[in-house]
Amino acid sequence: MNTIPKLTDVYKTHPLDIPTNKNLDSFEQLPDTYDWIQPDSFPSSLTDPNVSLSDSVPLIDLSDLPNAPHLIGNALKTWGVFQVINHGVPISLLNSMESFTNALFDLPSPHKLKAARTPDGVAGYGLPRISTFFPKRMWSEGFTIVGSPLEHFQKLWPDEYSKYCDLTEEYSREMGSLCGRLIWLALGELGITQEDVNWAGSNGDFKTSTNAVIQLNSYPICPDPDRAMGLGAHTDSSLLTILYQNNSRGLQVLREGNRWVMVEPVNGALVVQVGDLLHILTNGLYLSSVHQAVVNQTQKRISIAYFFGPSEGVEISPINKLVTPTRPLLYPTITWTEYLRKKAKLFNNTLSSIRLCAPPSGVLDINDHSEVKVG
Ligand SMILES: O=C(O)CCC(=O)C(=O)O
Ligand SMILES: [Fe+2]
């Protein structure tokens with residue numbers, strides 16, 4: 001019998017019953033329940049003077065050789081995020097995924113609820129799981145795909161489900177191979193080779209040792225965007241996340257723990273973010289990106305996040321070569337499932353809760369708010 005806990009079982013021990021939003025498009029005024037009280041742990045957002053106008057997230061051309069790997073390494077050490085162009089994922093595929101995502105969220109509410117996520121499940125339609133950690137509701141809805149979406153898609157599109165299954169499968173394949181490529185470029189910059197990562201598979205392609213989750217997000221037009229929040233500040237639990245936001249602004253990343261920077265949309269670009277597990281794998285050298293999504297009054301926004309992580313049962317620990325006398329072992333060995341279980345309870349305190357010793361300076365500690373100015 002297989003006793004390895006499954007990713008889809010993460011919430012079995014910690015069910016969260018999050019009621020879905022009313023149809024957000026119908027509100028002419030922001031209801032009080034969505035009037036966002038700035039969480040005291042991070043600086044506030046759009047209208048905050050701390051939103052930086054001068055800093056911008058690195059934009060890297062993957063075909064720019066031999067410079068790209070070095071630029072990636074630098075971006076991940078200092079920002080934990082970059083945008084990439086010439087990434088090799090066909091623009092037509094990105095366009096199709098965007099149309100599909102719009103089609104999904106444009107379905108009438110009762111129809112979407114046929115594929116609602118259960119309180120102890122991971123996949124399906126619903127509010128962001130992180131909603132429970134914030135005092136007010138978020139101006140967004142989401143749909144999570146783990147493994148095959150067949151059952152849910154059959155409920156949503158009884159006649160057309162197979163074309164959407166094929167589309168998400170192709171998207172997953174393309175994103176998976178891009179993630180593998182990016183991870184090796186990023187690790188190569190730290191002097192890490194395939195021999196140092198024994199779980200990557202015999203030819204290092206991660207094919208049998210990784211898992212993925214696709215998160216579709218929708219942010220309807222908001223009557224009072226300065227008081228609302230699309231998705232509260234968080235880090236992703238993945239190794240790497242690739243986000244497609246097309247031409248719509250909304251994603252902000254926390255820079256040096258004290259100011260938000262808007263990730264300005266670039267045509268055809270993908271946003272690459274370090275997740276908590278890559279931060280652990282690199283013994284804290286690559287920063288887990290703290291980010292949030294804000295909303296706007298003029299244009300509905302969608303985003304598509306692809307979370308790339310290790311398969312169930314793969315144990316992640318800091319790579320030996322990255323543990324030195326000046327950089328002691330920061331994190332214990334942990335699987336993605338174990339990590340997600342902790343995160344379901346501890347949210348943004350998870351990394352610091354498992355940390356084995358104080359981080360050397362330069363490691364972003366999302367719980368160290370001493371420098372953070374609260375709006
Ligand atoms: O919509 C965005 O820009 C961010 C989405 C995100 O951070 C997530 O799905 O984890
Ligand atoms: Fe995220």
Side-chain angles (χ1 to χ4, degrees), residues 10 18 21 24 39 42 45-46 51 57 79-84 94 97-98 101-102 104-105 117 122-134 138-146 168 171-172 175 179 212-222 225 228-254 260-266 269-279 287-296 299-309 336 339-340 343-344 347-348 350-351 364 366:
V10 162
I18 307 163
N21 274 334
L24 292 179
F42 293 102
S45 95
L46 261 191
V51 172
V57 171
W79 284 82
V81 55
F82 62 92
Q83 296 206 71
V84 65
L94 299 175
M97 272 302 278
E98 186 177 352
T101 304
N102 277 316
L104 191 155
F105 290 113
R117 190 183 62 220
V122 175
Y125 171 73
L127 282 194
R129 280 244 175 240
I130 64 172
S131 302
T132 53
F133 296 101
F134 294 94
M138 296 179 198
W139 199 263
S140 63
E141 52 188 332
F143 190 95
T144 312
I145 300 171
V146 194
T168 50
Y171 191 75
S172 215
M175 287 291 154
C179 281
V213 176
I214 298 177
Q215 174 69 30
L216 312 172
N217 299 303
S218 165
Y219 307 93
I221 289 173
C222 179
M229 178 58 74
L231 198 60
H234 66 281
T235 58
D236 295 341
S237 307
S238 53
L239 284 163
L240 213 57
T241 301
I242 299 196
L243 186 95
Y244 181 57
Q245 64 166 348
N246 194 13
N247 279 322
S248 53
R249 295 171 103 222
L251 176 65
Q252 297 184 332
V253 295
L254 193 62
W260 290 108
V261 175
M262 187 69 83
V263 183
E264 291 299 342
V266 172
L270 295 167
V271 184
V272 181
Q273 302 194 77
V274 172
D276 296 342
L277 288 188
L278 186 58
H279 176 79
L287 303 179
S288 188
S289 161
V290 181
H291 54 282
Q292 66 183 12
V294 295
V295 290
N296 74 80
Q299 202 191 14
K300 163 185 169 180
R301 173 173 185 263
I302 61 114
S303 72
I304 304 168
Y306 177 87
F307 303 110
F308 182 76
W336 198 8
Y339 190 79
L340 283 170
K343 196 139 179 180
F347 190 41
N348 283 337
T350 316
L351 269 184
L364 177 68
I366 56 171

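All ligand and atom numbering here is 1-based and tracks the order in the structure. Model, not experiment: these values are computed from the prediction.
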J.: Are any side-chain N or O atoms of W139 and backbone N or O atoms of I221, one a donor and one an acceptor, separated by less than 3.5 Å?
T.: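 Flag set: sc W139 to bb I221 pair under 3.5 Å.
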
J.: Closest heavy-atom contact between S237 and K343?
T.: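 What the structure gives for the nearest pair is OG-CD, 3.1 Å.
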
J.: Is a side-chain N or O of R301 found less than 3.5 angstrom from the main chain of V294, in a donor-acceptor match?
T.: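 Not confirmed, R301 side chain does not pair with V294 backbone.
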
J.: For residues L240 and V274, report the shortest heavy-atom separation together with the two atoms involved.
T.: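 Looks like CD1-CA, 4.4 Å.
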
J.: Kindly indicate, with the supporting measurements, whether the criterion side chain to side chain donor-acceptor pair (under 3.5 Å) is fulfilled by S140 and N217.
T.: CA-CA 7 Å; S140 63; N217 299 303; over 6 Å; no

J.: Using modelled atom types and a 3.5 Å cut-off, is there a donor and acceptor pairing between side-chain atoms of Q245 and backbone atoms of V263?
T.: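 Checked: pair present.
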
J.: Of the non-hydrogen atoms in N348 and T235, which two are nearest, and what is the gap between them?
T.: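 Looking at all heavy atoms of both residues, the closest pair is OD1-N, 3.8 Å.
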
J.: Spell out the protein N/O/S atoms under 2.8 Å from the Fe ion (ligand 2) as residue plus atom name.
T.: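 Less than 2.8 Å away from the Fe ion (ligand 2) sit H234 NE2, D236 OD1, H291 NE2.
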
J.: Can you pull every nitrogen or oxygen pair between ligand 1 and the protein closer than 3.5 angstrom?
T.:
{"unit_1": "ligand 1", "atom_1": "1 (O)", "unit_2": "Y219", "atom_2": "OH", "d": "2.6"}
{"unit_1": "ligand 1", "atom_1": "1 (O)", "unit_2": "R301", "atom_2": "NH1", "d": "3.2"}
{"unit_1": "ligand 1", "atom_1": "1 (O)", "unit_2": "S303", "atom_2": "OG", "d": "2.6"}
{"unit_1": "ligand 1", "atom_1": "3 (O)", "unit_2": "R301", "atom_2": "NH1", "d": "3.3"}
{"unit_1": "ligand 1", "atom_1": "3 (O)", "unit_2": "R301", "atom_2": "NH2", "d": "2.8"}
{"unit_1": "ligand 1", "atom_1": "7 (O)", "unit_2": "H234", "atom_2": "NE2", "d": "3.2"}
{"unit_1": "ligand 1", "atom_1": "7 (O)", "unit_2": "H291", "atom_2": "NE2", "d": "3.0"}
{"unit_1": "ligand 1", "atom_1": "9 (O)", "unit_2": "N217", "atom_2": "ND2", "d": "3.0"}
{"unit_1": "ligand 1", "atom_1": "10 (O)", "unit_2": "H234", "atom_2": "NE2", "d": "3.2"}
{"unit_1": "ligand 1", "atom_1": "10 (O)", "unit_2": "D236", "atom_2": "OD1", "d": "3.3"}

J.: What orientation do Y125 and F105 show, parallel under 30°, tilted 30 to 60°, or perpendicular over 60°?
T.: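 The arrangement is tilted - the two ring planes meet at 30° to 60°.
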
J.: For the pair E98 (side chain) and Y244 (backbone), establish whether a donor and an acceptor sit closer than 3.5 Å, ignoring hydrogens and angles.
T.: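 Such a contact is absent between E98 side chain and Y244 backbone.
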
